[in-house]
Amino acid sequence: MSLLRMLFFPSKLADKHTLLLRRCYSQNTVNLSDPAIQTYLKHLILEHDNLHTQPKRTAEESRRMFEIKPIVSVLEQRIALFDSIESLKELNKREGDSEMKKMIKEEASIYLKRLKEIDGELQSILLEPHLTEGGVLLEVTAGAGGQEAMLFARELFDMYISYAEYKNWEVDIASIDTSDLGGIRKASMLIQGVGVPDLMKMEAGVHRVQRIPSTEKGGRIHTSTVSVAVLSQPTEIELNIPEKDIAIETKRASGAGGQHVNTTDSAVRIIHTPTGTAVECQEGRSQIKNKQIAMQKLRTLLLEKQIEEQSSKINSERKLQVGSGNRNEKIRTYNYPQDRITEHRDGGCTLHNLKGFMEGGELLEKIQEGLLQQQRYQTLMNEINEFIKKYKIETVENS
């Protein structure tokens, strides 16, 4: 029996059940009966076997073997199941006893049930996003809508702080520019932890809120926007700033924070003299901590500038993410009268429970994971298509 035959049922059997995804909220599944996908999975088994038998492997080869090992492990279970099913089919042909045939049928039913479970596991592994450890600088800026936009910017900012606590991430407030009514004109925070770069990138863009403002008595629904930018943090190695290129100033903090903050020189301002880039941090009581946060923010902004120059981008990463802040540019809508959150991007969904969502817990995680699943699906399909193109070329050359 060929490897491909052992790996998969005919499509008419595979289509009898719905393939379940362990943590996927989109409708995307991998069509395991597709010949291209079968060829690709066969290639993964052969690739893993070749890597496994090598006496020495490079760091990249070890990483690749670790990446595909879970997929190959499930495929090997499927092969073993098909072997068992084929053996039962042969035994059923030779067996004439009705009682024995009944036992064969019951055993085959167990194998088929297990195969469905394995199919679900395979789908989940293929579409599971790869989370990385690292950090981001997240900036929240009030857009269209005046005071109402600023008030919602505060709610979003607080939601992200709560979400970081839910995910056990480390958070440092870098800056907050508050309005007279307690809203936020612009604020930023540094977030560190496992999955931060991948999950929080999903928040970049324009967030639209539709609700009756608490500042008005007319009862009319207003639409406001808040822009969120998410910039990747560099490490010390990625961007080392010479001491001669920075000027550090300290001053007494001007914002709220208690008597200690307002009576000590805890506020820090750092200027990168070659570019004129300046950052401030006065949110903490410790001058040392404020300096650390300000330096990390400066490194992030300089890395962004460096990347833009190297790639000759016309627009900065921030502008691409947040647009102009107009009401019609949105990635997500928060509709308070209908108690609805709508994620507009591919892989998104609609949820009802705005209060729960703004607490920054499982519901936000659900939307982010759905978006990541969609991205992973697109990446996998592109990878399969590229492999098939290469495979066809090699097949023609070798024929």
Side-chain angles (χ1 to χ4, degrees), residues 129-143 149 152-167 169-177 184-209 225-235 238-239 277 279 281 293-294 296-308 311 313 315-325 329-334 341 343-348 357-358 360 364-376:
H130 300 149
L131 299 182
T132 57
E133 183 169 5
V136 300
L137 170 67
L138 184 142
E139 294 182 336
V140 174
T141 306
F152 187 65
R154 162 64 76 177
E155 293 176 43
L156 268 187
F157 197 71
D158 291 344
M159 179 184 75
Y160 292 136
I161 293 175
S162 298
Y163 186 55
E165 293 175 355
Y166 166 77
K167 299 288 288 184
W169 293 336
E170 180 183 346
V171 177
D172 289 308
I173 308 301
S175 62
I176 300 179
D177 179 12
I184 286 178
R185 294 184 180 88
K186 187 173 184 178
S188 62
M189 69 177 82
L190 297 167
I191 311 175
Q192 292 270 358
V194 176
V196 169
D198 318 281
L199 292 168
M200 293 312 294
K201 282 286 185 180
M202 298 298 102
E203 298 306 300
V206 176
H207 297 243
R208 183 177 68 173
V209 59
T225 63
V226 173
S227 297
V228 177
V230 182
L231 312 178
S232 299
Q233 286 188 48
T235 64
E238 289 175 317
L239 190 59
T277 304
V279 296
C281 184
I293 295 173
Q296 188 63 10
K297 184 175 181 179
L298 179 62
R299 289 191 187 99
T300 302
L301 295 177
L302 292 178
L303 178 64
E304 179 195 17
K305 181 178 178 63
Q306 187 181 93
I307 292 173
E308 290 168 0
S311 60
K313 290 180 180 177
N315 296 315
S316 69
E317 180 180 353
R318 184 186 291 104
K319 288 181 179 178
L320 287 173
Q321 290 180 0
V322 305
S324 64
E329 298 176 340
K330 79 270 185 188
I331 62 167
R332 191 178 300 153
T333 296
Y334 305 73
I341 310 100
E343 174 57 57
H344 300 286
R345 291 168 289 181
D346 289 343
F357 186 85
M358 297 303 292
L364 175 56
E365 183 181 50
K366 176 177 179 179
I367 280 188
Q368 289 181 342
E369 288 184 348
L371 295 170
L372 280 179
Q373 293 278 3
Q374 174 67 24
Q375 285 192 357
R376 174 58 188 157

- Task: Taking all heavy atoms of Ile173 and all of Cys281, pick out the closest pair and write down the distance.
- Result: O-SG, 3.9 Å
- Taking side chain as C-beta onward, heavy atoms only, is Leu190 less than 4.5 Å from Ile293? yes
- Start with the C-alpha distance between Val279 and Leu301, add both sets of side-chain angles, then the distance that settles side-chain contact (heavy atoms from CB on, under 4.5 Å), and finish with yes or no. CA-CA 9 Å; Val279 296; Leu301 295 177; 3.6 Å; yes
- Identify the residue among Val196, Leu372, Val230 that makes a side chain to side chain contact (heavy atoms under 4.5 Å, CB included) with Lys201. Val230
- Go through the steps for Ser188 and Lys297 under the test side-chain hydrogen bond (donor to acceptor under 3.5 Å, both in side chains), then give the verdict. CA-CA 9 Å; Ser188 62; Lys297 184 175 181 179; 3.1 Å; yes
- Side chain proximity check, Ile367 to Ile341, heavy atoms < 4.5 angstrom: yes
- Message: Between Leu231 and Val136, is there a side-chain heavy-atom distance shorter than 4.5 Å?
- Response: no
- Query: Yes or no on side-chain contact (heavy atoms from CB on, under 4.5 Å) for Leu364 and Gln368, after CA distance, side-chain angles and deciding distance?
  - Reply: CA-CA 6 Å; Leu364 175 56; Gln368 289 181 342; 4.1 Å; yes
- Message: Before you tell me yes or no, could you show the steps for Leu199 and Leu371 under side-chain contact (heavy atoms from CB on, under 4.5 Å), namely the whole-Å CA-CA distance, both residues' side-chain angles and the distance that decides it to 0.1 Å?
- Response: CA-CA 9 Å; Leu199 292 168; Leu371 295 170; over 6 Å; no
- Item | Residues that Phe157 engages under ring-ring contact (aromatic ring centres under 6.0 Å, His included), provided they are two or more places apart | none
- Answer yes or no: is there a side-chain heavy-atom contact under 4.5 Å between Lys330 and His207? no
- Task: Could you pull out all residues at least two apart from Pro197 that satisfy side chain to side chain contact (heavy atoms under 4.5 Å, CB included)?
- Result: Thr132
- Evaluation steps, side-chain contact (heavy atoms from CB on, under 4.5 Å), between Lys186 and Val140: CA-CA 6 Å; Lys186 187 173 184 178; Val140 174; over 6 Å; no
- Query: Ile184 versus Ile176: any side-chain heavy-atom pair under 4.5 Å?
  - Reply: yes
- Message: Going by the rule side chain to side chain donor-acceptor pair (under 3.5 Å), which residues pair with Thr333 if we only count those two or more places apart in sequence or in a different chain?
- Response: Arg208, His344
- Query: What residue among Leu137, Asp172, Ile161 forms side chain to side chain contact (heavy atoms under 4.5 Å, CB included) with Met189?
  - Reply: Ile161
- Note on the structure: In short, Phe152 meets Met358 closest at the heavy-atom pair CE1-CE, 4.0 Å
- Judged by modelled atom types alone, do Glu365 and Tyr166 share a side-chain donor-acceptor pair under 3.5 Å? yes
- Could I get the full list of side chain to side chain donor-acceptor pair (under 3.5 Å) partners for Arg332, not counting sequence neighbours? Glu203, Tyr334, Glu343
- Sequence neighbours left out, what passes side chain to side chain contact (heavy atoms under 4.5 Å, CB included) with Glu133? Give chain and number order. Val194
- Go through the structure and list residues passing side chain to side chain donor-acceptor pair (under 3.5 Å) with Thr277, not counting sequence neighbours. Thr275
